[in-house]
Protein chains: 2
Amino acid sequence: MSFERTLKKSEYDVQAIPLEGIAVARYQAGLRTEARIVDATRSLLAEGGLEAATLKAICEEAGVKAGSFYNLFDSKEEVVIRVVRESIDAVDPDPGGAGTDTVDDLVAAFIRFFVEQPEMAKVYVIAAVNTETSDNGARRRFLRHHLRRVERFADAMMRQDRSLTSDTATMRAEILLGALDGLAFRWTIDSTFEFEKFALEAASRLS
Amino acid sequence: MSFERTLKKSEYDVQAIPLEGIAVARYQAGLRTEARIVDATRSLLAEGGLEAATLKAICEEAGVKAGSFYNLFDSKEEVVIRVVRESIDAVDPDPGGAGTDTVDDLVAAFIRFFVEQPEMAKVYVIAAVNTETSDNGARRRFLRHHLRRVERFADAMMRQDRSLTSDTATMRAEILLGALDGLAFRWTIDSTFEFEKFALEAASRLS
DNA sequence: TCGTAATTTGAGTATACCCTCAACTTTGAG
DNA sequence: CTCAAAGTTGAGGGTATACTCAAATTACGA
């Protein structure tokens, strides 16, 4: 077992940024292929979830052979996580992190992610649950993402109510996010569940 | 595609109960084997989750060959679901359904399931999420189980507060269960999360 | 134009899984 | 004791998966 790992092309910024002393020149062809693979993955995930996004399907959709895929990515998981993260970021009410978002904004963004991109949301849930035992790195990424979100919710709560201490705000944020996650999960089991209505009700009771 | 399906031995009550006109006599050997398979599955699930409970592992642990397994069960899923269900029933505060359980009882039972049988709880979550697209029967089973639970929570809430209407009680029950599920999910990602503390806090805010 | 290095190929490896089935052995009621 | 039915065997079918690599091809800076 080695602690080093090969850095893949896709991990470098566009156009040859040196990293750890190693420069990698990117060709246009490679960048385009990378984009096609990411697009193909996004489309497959949005259409049929994780089940549909097999390596074979991704490569066919992207018009690429498996070898090319692995020239650019370390694993299938890598591209899946990247796509899911991009999808979440796409509904962020305050991408710049200016600290101006309200609790309502954040709740609305959460709801929007699940309502507008249900398959992607399910992938997120499944990946988060499945990841636990096996991949430690992925698990930590999910945790970090969650903690950032808790912090933003807590900050928004404190901006709204100056008398809140940081601790109680964090606790309330965890509970509100827990409820939202749970209701979203509820909805993945039964798509007739009125997720939005319940989520808004929960938010009003918990913030 | 056929709408009929073969009934397996394990689906009959012990000792030859006729069902749909077909009687099946059970031998002691078969009953013992069935028990060994269920025990092996429970032990593997509790130890290493779904990942550990492969057919091969189950058969080895039970000291049985694959053919024997399939003489008794239709599929691996069948025995897994049975074990998970039994585990949930094992912490039921009111197994008889006498209608005497309080909200606190139900919350405590929920917490106990996750704290005492974490791996089993994860299996429950994973199975519920994964099941969605593929197996429709399993999905409906999970949904039915959830709805029963909502009903029990709602009933307990109404016993506690006579002024509650059935609708608002149901809504509150859904939200409380959502929060509990979400917090449990949160805890599967990070085992240092103080699940019990947050769950109790959520319960006090939501009931 | 040249040569290095990025990219692509695609057949193949490795592996894991659930499940089947025809032949054989054991059970236990009558 | 008999014998039909229950139970058992275990090799292997079928299918899917993610991933590898040596060799061929292409891009593009110098």
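Note that the structure is a prediction, hence the values are computed from the model and not measured.
Residue contacts for A/Ala29: at a heavy-atom cut-off of 4.0 Å it reaches the sugar-phosphate backbone alone, with no base atom in range. Using a 4.0 Å heavy-atom criterion, one finds that B/Gly67 contacts the bases of the nucleic acid, with or without backbone contacts as well.
Following rounding to the nearest Å, A/Glu34 (CD) and C/dA6 (P) show an atom-to-atom distance of 15 Å. B/Leu31 places its CG atom 19 Å from the P atom of C/dT26, with the value rounded to the nearest Å. One atom, CZ of A/Arg32, and another, P of D/dT26, lie 14 Å apart when rounded to the nearest Å. Across the protein-nucleic acid pair, B/Glu51 atom CD and C/dA16 atom P stand 12 Å apart, rounded to whole Å. Going from atom NZ of A/Lys56 over to atom P of D/dT20 covers 19 Å, rounded to whole Å. Rounding to whole angstrom units, CD of residue A/Glu60 and P of C/dT9 are separated by 13 Å. Taking atom CZ on A/Phe69 and atom P on D/dT17, their separation rounds to 14 Å, with Å as the unit. Note: CG (A/Leu44) to P (D/dA18) measures 12 Å, nearest angstrom.
The side chain of B/Lys76 approaches C/dC18 more closely than any other nucleotide in the set C/dC18, D/dC19, D/dT8. The side chain of B/Arg26 lies closest to D/dG7, out of D/dG7, D/dT20, C/dT8. Here the side chain of A/Leu55 is nearest to one of C/dC19, D/dC19, C/dT8, namely D/dC19.
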Next on the checklist: Is there a side-chain contact (heavy atoms from CB on, under 4.5 Å) between A/Met120 and A/Arg42? Walk through the geometry before answering.
Outcome noted: CA-CA 8 Å; A/Met120 205 63 85; A/Arg42 178 171 29 245; 4.1 Å; yes
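Remark: of the listed residues B/Phe185, B/Trp187, B/Phe198, B/Phe198 is the sole one forming a ring-ring contact (aromatic ring centres under 6.0 Å, His included) with B/Phe193.
With values rounded to the nearest 0.5 angstrom, A/Lys76 atom NZ is found 6.5 Å from A/Thr54 atom OG1. The distance from atom CG of B/Leu72 to atom CG of B/Leu31, rounded to the nearest 0.5 Å, is 9.0 Å.
Ring pair B/Phe110/B/Phe114 is parallel by interplanar angle, where below 30° counts as parallel and above 60° as perpendicular.
Remark on DNA chain D: of its neighbouring residues A/Thr54 and A/Ser68, the 5'-side contact belongs to A/Thr54, judged by nearest-heavy-atom nucleotide.
For A/Tyr70, a side-chain nitrogen or oxygen approaches OP1 or OP2 of D/dC19 to under 4.0 Å. Contact between the side-chain N/O atoms of B/Lys65 and the OP1/OP2 oxygens of D/dG10 is found at a separation under 4.0 Å. Between B/Thr33 and D/dT8 there is a side-chain N or O to OP1 or OP2 distance below 4.0 Å.
Side-chain atoms of A/Tyr27 and base atoms of D/dA27 include a donor and an acceptor less than 3.5 Å apart.
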